[in-house]
Amino acid sequence: MEKETIYILAIESSCDDTSAAVLRGNTVLSNIVSTQKIHEQYGGVVPELASRAHQQNIVPVVHQALVAANIDKKQLSAIAFTRGPGLMGSLLVGTSFAKSLSLGLKVPLIEVNHMQAHILAHFIEEEGRKPPRFPFLAMTISGGHTQIVLVRDFLDMEVLGETLDDAVGEAFDKSAKLLGLPYPGGPLIDQYAQLGNPKAYEFPKPKVAGLNFSFSGFKTSILYFLQRERKKNPNFVSEHLNDICASIQHSIVLILMDKLQKAVKQTGIEELAIGGGVSANSGIRKALQQIEKEKGWRIHIPKFEYCTDNAAMIGIVGYLKYLNKDFSERTISAQARYRL
Ligand code: KG4
Ligand code: ZN
């Protein structure tokens with residue numbers, strides 16, 4: 001019997017990116033992401049504006065994904081969508097759209113956990129890249145999440161540690177805001193950091209037990225530090241921006257690497273998969289490269305397009321669940337808090 005060709009249309013709308021992708025098996029044919037710019041002027045994502053923008057973007061984004069993949073919707077095998085976690089108003093747009101489309105096309109519906117998708121993005125077929133081998137440790141670091149997960153198999157995962165408050169991307173963005181940089185400031189901190197001295201200033205490391213993280217105290221310590229220094233010199237930030245950014249970045253890198261090393265020690269697993277928008281950070285990449293060289297651990301980072309929020313990662317989970325015939329009822333609803 002000839003093997004069935006599986007085409008998955010995937011939809012992601014959990015935060016401020018409206019995205020649709022078409023996959024043939026584990027290969028991405030298209031991955032369209034419409035990033036909402038409206039939030040920049042508010043210094044963070046405004047939930048109500050995000051859901052309105054998804055509402056406007058969803059039809060054109062899905063249409064574009066089908067056109068770019070050169071696939072007619074009648075060829076689709078299933079519709080995968082992000083059920084959660086995320087902003088309820090945002091999730092509802094993608095969920096309702098996916099449910100209606102699956103009903104209209106009479107194809108199965110597949111719900112996807114966004115965090116699982118960040119991890120399984122490593123299994124998207126990419127030329128010259130080998131996926132991680134099980135079991136491995138996945139660290140997802142972005143504006144919305146900070147998690148270390150033990151991955152035993154495709155759909156068998158256990159959260160070992162996560163942030164108790166802010167995500168690491170928020171630590172970058174909120175620090176940037178204190179320095180007067182525009183949102184999202186993470187990439188700007190990275191840029192200035194490359195010109196500065198990472199040991200110019202020291203910030204206290206949060207004391208959090210086990211493999212959990214906390215960044216809210218870190219942000220407060222930067223606030224107090226800047227208040228103190230500005231009292232002595234009102235131009236402190238502009239005169240020392242590179243050194244401040246380098247020191248902030250260095251501290252965050254140390255926090256992440258410390259927990260990662262603890263996780264390796266605890267599990268004995270030396271295969272690491274990193275994902276999420278913050279994995280673009282040059283300091284984090286350098287530290288990981290060094291660990292790879294010194295300790296012989298294997299580090300996997302997917303293409304940046306699959307690190308930030310995107311529908312291709314939803315599609316790969318959709319494909320794996322399709323193989324397991326793990327389909328959802330059309331009565332399913334979005335879930336803002338959705339554990340792995
Ligand atoms: O994955 P992502 O695009 O969206 C979600 O939050 O889900 O991640 C965006 C986050 C933002 O906080 C942004 O500042 C941060 O990733 N980011 C960076 C860098 N590039 C993006 N943070 C530090 N250095 C970077 N180079
Ligand atoms: Zn995400």
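Computed over heavy atoms, backbone and side chain alike; hydrogens, waters and symmetry mates excluded. Positions are given from 1, in the same order as the sequence printed here. Start at 1 and go down the list; that is how both ligands and their atoms are numbered.
Ring geometry for His118 versus His114: interplanar angle over 60°, hence perpendicular rather than tilted (30 to 60°). Taking the six-membered ring where the residue is Trp, Phe225 and Phe236 present perpendicular rings, their angle passing 60° and hence far from 30°.
When Val168, Val33, Asn281 are ranked by how near their heavy atoms come to atom 23 (C) of ligand 1, first place goes to Asn281.
Contact atoms of ligand 1 toward Thr308: 1 (O), 3 (O) (distance under 4.0 Å to a heavy atom of the residue). Near Asp190, meaning under 4.0 Å from one of its heavy atoms, ligand 1 places the atoms 24 (N), 25 (C), 26 (N). In the vicinity of Gly169, heavy-atom distances shorter than 4.0 Å reach the ligand 1 atoms 12 (O). Under a 4.0 Å criterion applied to the non-hydrogen atoms of Gly144, ligand 1 contributes the atoms 6 (O). The contact set between ligand 1 and Ala280, taken as ligand atoms under 4.0 Å from a residue heavy atom, comprises 20 (N), 26 (N). Counting atoms of ligand 1 from 1 in the listed order, those under 4.0 Å from a heavy atom of Ser142 are 1 (O), 5 (C), 6 (O), 7 (O), 8 (O).
Under the 4.5 Å side-chain criterion, counting only non-hydrogen atoms from C-beta, Phe203 is not in contact with Ile252. Looking at Glu305 and Asn310, their side chains never come closer than 4.5 Å, going by heavy atoms from C-beta outward.
The angle His114:NE2 - the Zn ion (ligand 2) - His145:NE2 amounts to 100°, with values rounded to 10 degrees.
Counting protein heavy atoms only, atom 22 (N) of ligand 1 is closest to Gly186 CA, 3.5 Å. Looking from atom 10 (C) of ligand 1 to the surrounding protein, the closest heavy atom is Gly143 N, 3.4 Å. Nearest to atom 1 (O) of ligand 1 among the protein's heavy atoms is Gly277 N, 2.9 Å. Given atom 11 (C) of ligand 1, the protein heavy atom at minimum distance is Asp173 OD2, 3.4 Å.
Polar contact check, Pro184 against ligand 1: no nitrogen or oxygen pair lies under 3.5 Å apart. Considering backbone and side-chain atoms together, Asp309 places an N or O closer than 3.5 Å to an N or O of ligand 1. When only interatomic distances are considered, the shortest N/O to N/O separation between Asp17 and ligand 1 does not fall below 3.5 Å.
Checked by atom type, the side-chain pair Gln194/Asp190 shows a donor-acceptor distance below 3.5 Å. Ser247 and Gln249 are not linked by any side-chain donor-acceptor pair at a separation below 3.5 angstrom, with hydrogens and angles left out of the test. Side-chain contact, Gln116 with Tyr338: no donor N or O sits under 3.5 Å from an acceptor N or O. In this model, no donor atom of one side chain and acceptor atom of the other lie less than 3.5 Å apart for Glu162 and Thr146. Using modelled atom types, one finds no donor on one side chain facing an acceptor on the other under 3.5 Å when comparing Ser216 with Asp166. Using modelled atom types and a 3.5 Å distance limit, the side chains of Arg83 and Thr95 yield no donor-acceptor pair.
Look at Cys15 and you'll find every heavy atom at least 4.0 Å from all atoms of ligand 1.
We find that Arg152 and Glu158 are joined by a salt bridge, their nearest charged nitrogen and carboxylate oxygen being less than 4.0 Å apart.
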Problem - Derivation and outcome, side-chain contact (heavy atoms from CB on, under 4.5 Å), residues Leu254 and Lys205 - result: CA-CA 8 Å; Leu254 287 183; Lys205 229 193 225 174; 4.2 Å; yes

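Distances from the Zn ion (ligand 2) to each N, O or S atom of Asp309 single out OD1 as the nearest.
If you look at Val278 next to ligand 1, the close heavy atoms, those under 4.0 Å, come from the backbone and the side chain alike.
For a distance bound of 2.8 Å, the N, O or S atoms of His118 include one lying that close to the Zn ion (ligand 2).
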